[in-house]
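Beneath this line is the structure, given in structure tokens, with notes to follow.
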Protein chains: 2
Amino acid sequence: MNKTFKALAHPVRRQILGLLRSGPMISGDIAGHFDMAWPSLTNHLNVLKDAGLVHSERFGTQIRYRLNAGAAEEAIAAIMALLGKEEKDG
Amino acid sequence: MNKTFKALAHPVRRQILGLLRSGPMISGDIAGHFDMAWPSLTNHLNVLKDAGLVHSERFGTQIRYRLNAGAAEEAIAAIMALLGKEEKDG
DNA sequence: ACTTTAATTAGTTTTTTTGCTAATTAAAGA
DNA sequence: TCTTTAATTAGCAAAAAAACTAATTAAAGT
């Protein structure tokens, strides 16, 4: 879970997740949304992937990234467990 | 919201929030839970406070920290907005 | 085989974060 | 007022994260 929270800590990475909410995107298109060198962006994508928040798949010369719903659920559960009210028993 | 996510990125800070879930604690008692110099811990508390995740109040010579429920709710809402499924209209 | 397009990895520098020790502040007690 | 207790702020060193350029990989077209 540590990797997940670390991944969410950077604004660019959160913006990437925001973009991917509306569907998968290829690396170059994602990079086009940011004022940043492409390799820097690739690094952010790797951080997200390593945290399991996104998935990647190659299609010919291009690589498509998509949001991983499962990890998203887990992240939400974790943050709720951490910040939510303490349950008085069951 | 950036400060909130930054604050959640460090394991010690998440553990502090975990401790505070069951009620307010004074600085020294929090520090006692960690294998770390007290000033380092104070710094983590400051990061949490700056993010609005905790509140502090002085009682005589000691300072009591408590979880800020409001900021917690906001953080949960933010992460759900970011990672949740895209709603098809209303 | 060579070129082009898409993207990544490698290596380095800069910036940010973390954690330490020493010094300081604040309140309370003797 | 001097001391003790509780905690912070200041200043610095070490570690981690972020961003850049250059080099490399991978697939596909000519």
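As a basis for the values below, the full set of heavy atoms in this structure was taken, side chains included, without hydrogen atoms, waters or symmetry mates. Note on naming: letters A, B, ... go to the chains in the order of the sequence lines (proteins, then strands), and numbering restarts at 1 for each one.
Of the possible donor and acceptor atoms, none in the side chain of B/Asn68 sits under 3.5 Å from a partner among the backbone N and O of B/His55. Between the side chain of A/Arg21 and the backbone N or O of A/Gly23 there is no donor-acceptor pair closer than 3.5 Å. Side chain of A/Arg14 to main chain of A/Leu8: a donor-acceptor pair is present (N/O by atom type, distance under 3.5 Å, no hydrogens or angles). The backbone N or O of A/Ile63 sits nowhere less than 3.5 Å from a side-chain atom of A/Arg58 that would complete a donor-acceptor pair.
Both A/Arg58 and A/Lys6 lie near DNA chain C, and the one whose nearest nucleotide falls closer to the 5' end is A/Arg58. For the pair A/Thr61 and B/Gln62, both in contact range of DNA chain D, the more 5′-proximal nearest nucleotide belongs to B/Gln62. Toward the 5' end of DNA chain D, the nearer of the two residues A/Phe59 and A/Val12, judged by each one's closest nucleotide, is A/Val12.
Counting non-hydrogen atoms under 4.0 angstrom, B/Arg13 reaches the backbone sugars and phosphates but no base. As judged by a 4.0 angstrom heavy-atom cut-off over every strand, A/Phe34 is placed among residues making no nucleic acid contact.
When rounded to the nearest whole Å, the span between CG of B/Asp50 and P of C/dT18 equals 13 Å.
Neither OP1 nor OP2 of C/dT16 sits under 4.0 Å from any side-chain N or O of A/His10.
The nucleotide range of DNA chain D contacted by chain B, defined by atoms under 4.0 angstrom from heavy atoms of the protein and reported 5' to 3', is D/dA6 to D/dT9.
Across every non-hydrogen atom of A/Ala75 and A/Thr4, the tightest pair is CB-CG2, 3.7 Å. When every heavy atom of A/Leu45 is checked against every heavy atom of A/Val54, the shortest pair comes out as O-CG2, 4.2 Å.
The distance from the NZ atom of A/Lys3 to the CG atom of A/Leu48 is 12.5 Å, given to the nearest 0.5 Å.
Across residues 35-46 of chain B, B/Met36, B/Ala37, B/Pro39, B/Ser40, B/His44 each have a non-hydrogen atom less than 4.0 Å from an atom of DNA chain C (numbered order).
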>> Please evaluate residues A/Val47 and A/Arg13 with respect to the criterion side-chain contact (heavy atoms from CB on, under 4.5 Å), reporting the C-alpha separation (whole Å), side-chain torsions for both, the decisive distance (0.1 Å), and the verdict.
In response: CA-CA 8 Å; A/Val47 172; A/Arg13 288 192 293 262; 3.7 Å; yes
